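Take a look at the structure below.
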Amino acid sequence: MTNDGAEVVKRITRLAREMTGRRERFLADLIRIRSYTGQEGAAVERTLAELRAIGCDEVWTDSAGNALGRIGHGPRVILYDAHLDTNAVADEREWPHPPLEPVVEGDAMFGLGASDCKGGVAAIVYGAAILAEVARSGDRPQQSGGVARSGDRPRQMSLLDDFSVVVMGATLEEDAEGFALRSLVERDGLRPEVVLLAEATDLTLRRGQRGRCEVRVRTEGRAAHASQPHLGESAILKMLPVIAALEEMNTSLPVDPIFGKGNQVVTLIVGPHTPNSVPAWCEVTVDRRLVPGETPDAVLAGIRAVVGPLGATATIPTQPVTAHTGLRLDGPAFYSGWLLPDADPLLAAGKATASALWGVEPAVGVWRFSTDGAYSAGAAGIPTLGFGPQEEQYVHAADDQVNLTKLRKATEFYALFPWMYAQ
Ligand SMILES: [Zn+2]
């Protein structure tokens, strides 16, 4: 980095320390607010208040009820996405602390959603807070350190003329990842150039994920009274070889050099709830895990080729989704896998950001779970990268927590990233 860049890093790390109290209070407030998927209203309001407090140029909600704040006014949009919704608590007695009570123990804050993904929300909001302060002060001469070099300052000044950083407290991620982001892009017209996802990466980089989809496979029979089965045709008996064939497909699913093989599992079976009749229909649900590049048409074609000759049909069902604003966002239960190419400038900028801050190049991997990247990268083709302070082992666990030093470091990352990407 240039001297000027080193100065930016110094100011960022100092501000990240100075803002510790505000950052952690914000995270604690978010943990206190119950925000199950589709019920994010109060958490969105709290996030909007924080986005106003850190000095965003614009703060708003879109039709899907995402909390949004913008720093800068440039046409090139960098989107920081972390979701506000959490899974529901299954059994509160298993939790070391009440889930909605933020508790700091050692260097970690415990509470529901700390690792998925409220720690990420606090990191991107305060990354933006620091970015705003450092970038705007670039307009003025440095207080100390003598003469600023004329070749350096205009670059600082122009960062927020070229770029806008939009911070998104996202909704609906746990049940329908990517649906709220799709709505922001396709309904409300915000077109990011790149997306950063603050999901759990333990301060390393993630450049992809497997995808997933749901497929319903159905057989039809003919109902008859169970006392005279020869008059009917059992859809359940027709389904038996279909299930075996679906299972057998696992040996020949697409293989990816990074993600390995896709897989599919029959996870549900239903029929008419009439114990004294020959069943007229039977339907199984297949959970299919996808490698990047698999499309809905390709998945259905593969399954239909196997189950069609056995008399069964296959469809991808519609996932019903209602935003907390009341807006219906129903869509196909298909979540694409994706992989950011090795040579992508976004990945290079992510590595350069971590290197400039901490002197070491971060590890680069892929997620096992699915994220909003299923839409941004998988469906819309927007370069997407993952970086967050949270650790995967605490995600959806009773000891849900985020390390507060890692939270501060992630804040630094999000503050510096736009400078590195702009280069
Ligand atoms: Zn998450």
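Counting starts at 1 for both ligands and their atoms, in listed order. The model shown is predicted, which means the values in this text are computed figures rather than measured ones.
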Checklist entry - Strictly under 6.0 Å, is that where the ring centroids of Tyr414 and Tyr80 end up? => result yes

Next on the checklist: Between Tyr335 and Phe179 (judged by ring centroids, cut-off 6.0 Å), do the two rings come close enough to count as a pair?
Outcome noted: yes

Checklist entry - N/O/S atom of His83 under 2.8 Å from the Zn ion (ligand 1), yes or no? => result yes

Next on the checklist: At a threshold of 2.8 Å, where the distance has to be below it, does the Zn ion (ligand 1) have an N, O or S atom of Glu199 nearby?
Outcome noted: yes

Next on the checklist: Quick check: of its N, O or S atoms, which one does Asp116 have closest to the Zn ion (ligand 1)?
Outcome noted: OD1

Checklist entry - Per the side-chain hydrogen bond (donor to acceptor under 3.5 Å, both in side chains) rule, which among Arg23, Glu50, Arg408 passes with Tyr126? => result Glu50

Checklist entry - Can you tell me how far the OG1 atom of Thr201 sits from the CD atom of Gln390, to the nearest 0.5 Å? => result 7.5 Å

